[in-house]
Amino acid sequence: MLIHKKNFNIEQIADSGQCFRMNQLAEKHYSLIAFGRYLELIQRGEDLVEISCDEEEFAELWQDYFDLSYDYTQLIDTLLAGEDPFLRSAAAFGKGIRILKQEFFEMMISFIISQNKNIPAIKNCVEALCHKYGTPIRSAFDHNTIYYAFPTPSQLAQASKEELRELKVGYRDEYIIRAAQAVAEGQLDVNCIHSYSYKEAFDALKQIHGIGDKVANCICLYGLHHIQVFPIDVWIKRILDEVYQNEFNLKLYEGNAGIVQQYMFYFMRNQKENQNEKTAKEGMKSKKK
DNA sequence: TACCAGGGGTAAG
DNA sequence: CTTACCCATGGT
């Protein structure tokens, strides 16, 4: 079915570092696994996305998952009309990004894995975890293809350190097992944590061995949809240092700080990529000479 | 407080 | 090809 929606760009969302199981199949064509379901999406126009499900499934799951009821246009317009040149550029560049409402346990484990890793490495680990411990899903498109759901807490709690090391999670093996056990055994109640305030959820998450400030904030933002949270990773830290000389006024964007952080992150990373491509091309030219 | 292990991916040499 | 660098957390 076709979704006509402003500020909804599937390429930007897939490349914004918030999700690890959205993969490019072709130009403007992506796959996604969530809620134990396989989905394909095609960007048909600036405000037009084709989505491979019926209206019932869309209303039940994906409308909420893609946060399509929230008005991003108002925030974008505010930033575009604002006096901050970096944020004006960042908002214009990433205006199709939305903060997905991803599943809590998947976010918890994914962001534990994410520490000290780049995005391709995180994706490889997450995919390996799903393949080894997750429930198989039969594709609705091609009945010979099997996809794997993200493991449940009890599925993952059965993993051994040795098995996890083979999946290249490194020293995070123990963090993963203990986190999965905490959820499976109820020390960390998934139903409760959804009803907590940001601060309560943050404190509860930090009780888990291997979850520090940055990872806890990412889980709050992406797994519990506390969009006022502003996780600071090295990219954001660099922006706060170099662009703002550590005088960025977060209070101006209170309530939407997590979205603003996404625009900053996505803009900065792509600036860097463009610079790398440029230097790579220049390098090739000089080699030819 | 400051520093470092840790390991896979990527950029640079 | 090899080497250097990156990075969030917990431990010293």
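Just so we're on the same page: letters track the sequence lines, and every chain starts at 1.
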So, the side chain of [X] versus the backbone of [Y]: is there a donor-acceptor pair under 3.5 Å, distance only?
X	Y	result
A:Arg165	A:Gly170	yes
A:Glu166	A:Glu163	no
A:Arg269	A:Tyr266	no

Rounded to the nearest Å, what distance is computed from the [atom1] atom of residue [X] to the [atom2] atom of nucleotide [N]?
X	N	atom1	atom2	value
A:Lys168	B:dT10	NZ	P	12 Å
A:Met268	C:dC6	CE	P	14 Å
A:Gln207	C:dT9	CD	C1'	15 Å
A:Asn116	B:dC4	CG	P	15 Å
A:Arg172	C:dC7	CZ	P	14 Å
A:Phe111	C:dT9	CZ	C1'	16 Å
A:Trp235	C:dC6	CH2	C1'	10 Å
A:Ile119	C:dC7	CD1	C1'	13 Å

Quick one: which protein N/O atoms are closer than 3.5 Å to N/O atoms of nucleotides 10-12 of chain C? Pair and distance per line, please.
{"from": "C:dG10", "atom 1": "OP1", "to": "A:Gly210", "atom 2": "N", "distance (Å)": "2.6"}
{"from": "C:dG10", "atom 1": "OP1", "to": "A:Ile211", "atom 2": "N", "distance (Å)": "3.4"}

### Query
Does any non-hydrogen side-chain atom of A:Ile33 lie less than 4.5 Å from one of A:Leu39?
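A side-chain contact is absent here, since even the closest heavy-atom pair is not under 4.5 Å.
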### Secondary structure string for DNA chain B (Watson-Crick or G-U under 3.5 angstrom, | for other-strand pairs)
.||||.|||||||
### Message
A:Ile219 and side chain to side chain contact (heavy atoms under 4.5 Å, CB included): which single residue from A:Leu205, A:Val229, A:Ile109, A:Ile193 fits?
### Response
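That would be A:Leu205; it is the only one of A:Leu205, A:Val229, A:Ile109, A:Ile193 passing the side chain to side chain contact (heavy atoms under 4.5 Å, CB included) with A:Ile219.
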### Message
Go through it in stages, so that I can follow the logic: the residues are A:Tyr72 and A:Asn256, the test is side chain to side chain donor-acceptor pair (under 3.5 Å), and I'd like the CA-CA distance, side-chain angles, deciding distance and then a yes or no.
### Response
CA-CA 10 Å; A:Tyr72 285 73; A:Asn256 283 317; over 6 Å; no
### Query
Counting side-chain heavy atoms from C-beta on, which of C:dT9, B:dT10, C:dC7 comes nearest to A:Asn118?
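Within the option list, the nearest is B:dT10.
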### Message
Looking only at the side chain of A:Arg165 (C-beta and beyond, no hydrogens), which of the listed nucleotides B:dG7, C:dT9, B:dT10 gets closest?
### Response
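Comparing B:dG7, C:dT9, B:dT10 against the side chain of A:Arg165, the answer is B:dG7.
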### Residue that, paired with A:Asn7, satisfies side-chain hydrogen bond (donor to acceptor under 3.5 Å, both in side chains) out of A:Asp47, A:Asp67, A:Asp71, A:Thr73
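Between A:Asn7 and the candidates, side-chain hydrogen bond (donor to acceptor under 3.5 Å, both in side chains) is satisfied uniquely by A:Thr73.
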#### Entry: Salt-bridge contact A:Glu46-A:Lys95 (side-chain N to carboxylate O under 4.0 Å)
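Result for this pair is yes, salt bridge flagged.
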#### Entry: side-chain contact (heavy atoms from CB on, under 4.5 Å) assessment of A:Tyr222 paired with A:Leu100
CA-CA 7 Å; A:Tyr222 304 117; A:Leu100 302 182; over 6 Å; no
### Query
Heavy-atom count around A:His209 NE2 within 6.0 Å, excluding the residue itself: above 12?
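More than 12 heavy atoms, drawn from other residues, nucleotides or ligands, come within 6.0 Å of this atom.
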### Message
For a quick check under 3.5 Å, do A:Asn23 and A:Ser31 share a side-chain donor-acceptor pair by atom type?
### Response
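Distance-only check fails for A:Asn23 and A:Ser31.
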### Message
Tell me which residues in residues 120-127 of chain A lie within less than 4.0 Å of DNA chain B, going by non-hydrogen atoms.
### Response
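Those residues whose heavy atoms fall under 4.0 Å from DNA chain B, taken from residues 120-127 of chain A in numerical order, are A:Pro120, A:Ala121, A:Asn124.
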